[in-house]
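Beneath this line is the structure, given in structure tokens, with notes to follow.
Proteins come first, then strands; the chains are lettered A, B, ... in the order of their sequence lines, and each starts at number 1.
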Amino acid sequence: GAVVSQHPSRVICKSGTSVKIECRSLDFQATTMFWYRQFPKQSLMLMATSNEGSKATYEQGVEKDKFLINHASLTLSTLTVTSAHPEDSSFYICSAGAGVNQPQHFGDGTRLSIL
Amino acid sequence: SQQGEEDPQALSIQEGENATMNCSYKTSINNLQWYRQNSGRGLVHLILIRSNEREKHSGRLRVTLDTSKKSSSLLITASRAADTASYFCATGANSKLTFGKGITLSVRP
């Protein structure tokens, strides 16, 4: 099946640091990728839809200047958490979609801990 | 915003038993999908059922969809300890997914 690689799997850093998370589709071209945030024992909340070659579409309440998304190629989307603070600590998961009525393929997630 | 609501929130069964999980949603959908998540990992796609389908099978999985009641069920037959995980239903509309809160399934060996 389709494989999505997410890196890094775990980040621990000081408050004020900016953190970049990469999401790669390894065996297919993904024109659309999605970024989710998941709190412990809770559901996935869609943060933004990343479109190759254009600006990301952010969900209501998600700060676009805080969570910078770049989708420069058909196989790579990046999420940068700028000037991260402890409240940004969470599990971030990306996925790549193949279109309507197709499943999304998920990365293994990134556990972000801000001290 | 969350749309799918799974029921029950937690389920504990003995290995070999069947597990039934339910999901309800509120708005129109193109499809409904079920995913599994092992602790601390990403989601694994299990099965997708389109809005014009009523039932679908994949191995030990059986999914039903009732669009008139806006509900779906996932049945796992002959459960195994390895089925222990969180299960999420997600409604698909225009390529985006909206996830429910999830069901924690524990299968006792």
Side-chain angles (χ1 to χ4, degrees), chain A residues 1-10 21 23-26 28 30-52 56-62 90-113, chain B residues 1-10 21 23-25 28-53 56 58-59 61 63 65 67 74 85-106:
Chain A
V3 178
V4 173
S5 174
Q6 187 172 341
H7 178 81
S9 59
R10 178 83 194 237
I21 303 170
C23 182
R24 294 179 184 273
S25 59
L26 298 185
F28 69 104
T31 55
T32 305
M33 289 186 175
F34 303 89
W35 288 95
Y36 297 86
R37 184 173 180 176
Q38 185 180 32
F39 291 103
K41 299 190 184 301
Q42 294 192 28
S43 184
L44 278 75
M45 300 300 294
L46 180 65
M47 298 175 65
T49 302
S50 171
N51 302 297
E52 188 268 336
T57 304
Y58 290 82
E59 295 298 304
Q60 192 172 13
V62 178
S90 192
F91 191 57
Y92 294 87
I93 311 176
C94 71
S95 73
V100 178
N101 286 329
Q102 297 294 324
Q104 289 185 14
H105 304 283
F106 285 81
D108 265 346
T110 297
R111 174 80 54 197
L112 177 61
S113 299
Chain B
S1 61
Q2 289 182 335
Q3 169 157 236
E5 292 288 337
E6 292 96 340
D7 165 52
Q9 291 187 341
M21 292 169 267
C23 170
S24 60
Y25 58 94
S28 298
I29 61 173
N30 294 125
N31 60 72
L32 188 141
Q33 304 181 34
W34 286 90
Y35 288 81
R36 186 182 84 184
Q37 184 181 34
N38 288 88
S39 182
R41 301 295 296 273
L43 275 70
V44 174
H45 177 258
L46 296 176
I47 199 164
L48 181 154
I49 186 166
R50 299 189 183 200
S51 59
N52 61 352
E53 296 176 311
K56 204 164 184 180
S58 177
L61 307 180
V63 168
L65 178 65
T67 52
L74 170 67
S86 293
Y87 291 81
F88 293 90
C89 72
T91 51
N94 301 319
S95 300
K96 288 171 60 173
L97 291 179
T98 304
F99 285 85
K101 294 181 180 179
I103 299 170
T104 301
L105 174 65
S106 298

Please assess B:Asn31 against A:Asn101 for the test side-chain hydrogen bond (donor to acceptor under 3.5 Å, both in side chains), listing each intermediate value before the final yes or no.
-> CA-CA 6 Å; B:Asn31 60 72; A:Asn101 286 329; 2.9 Å; yes
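The distance from atom OG1 of B:Thr98 to atom CE of A:Met45, rounded to the nearest 0.5 Å, is 8.5 Å. To the nearest 0.5 Å, the span separating CD on B:Gln9 from NZ on A:Lys41 amounts to 12.0 Å.
B:Phe99 and A:Ser43 make their closest contact through CB-OG, 3.3 Å (heavy atoms, listed as atom of the first residue, atom of the second, distance). B:Lys96 and A:Phe34 make their closest contact through CG-CE2, 4.0 Å (heavy atoms, listed as atom of the first residue, atom of the second, distance). Of all non-hydrogen atoms in A:Phe91 and B:Arg41, the two that sit nearest each other are CE2-O, 3.6 Å. The two residues B:Leu97 and A:Tyr36 make their nearest non-hydrogen contact at CB-OH, 3.8 Å. Taking both residues in full, the closest heavy atoms of B:Tyr35 and A:Gln104 are given as OH-N, 3.0 Å, listed atom of the first, atom of the second, then distance.
For A:Gln6, no part lies near chain B; criterion is any non-hydrogen pair under 4.5 Å. With a threshold of 4.5 angstrom between heavy atoms, B:Leu48 approaches chain A through side-chain atoms but not through N, CA, C or O. For a residue to count as touching a neighbouring chain, one of its non-hydrogen atoms must lie under 4.5 Å from one of that chain's; by this rule A:Thr49 touches chain B with the side chain only.
By the neighbour-count criterion of 12 heavy atoms within 6.0 Å, atom NZ of B:Lys56 is densely surrounded, having more than that number from other residues, nucleotides or ligands.
Residues passing the salt bridge (charged side-chain N to carboxylate O under 4.0 Å, His left out) test with A:Arg24 are A:Glu22, sequence neighbours excluded.
The side-chain heavy atoms of B:Gln37 and A:Ile93, taken from C-beta on, include a pair separated by under 4.5 Å.
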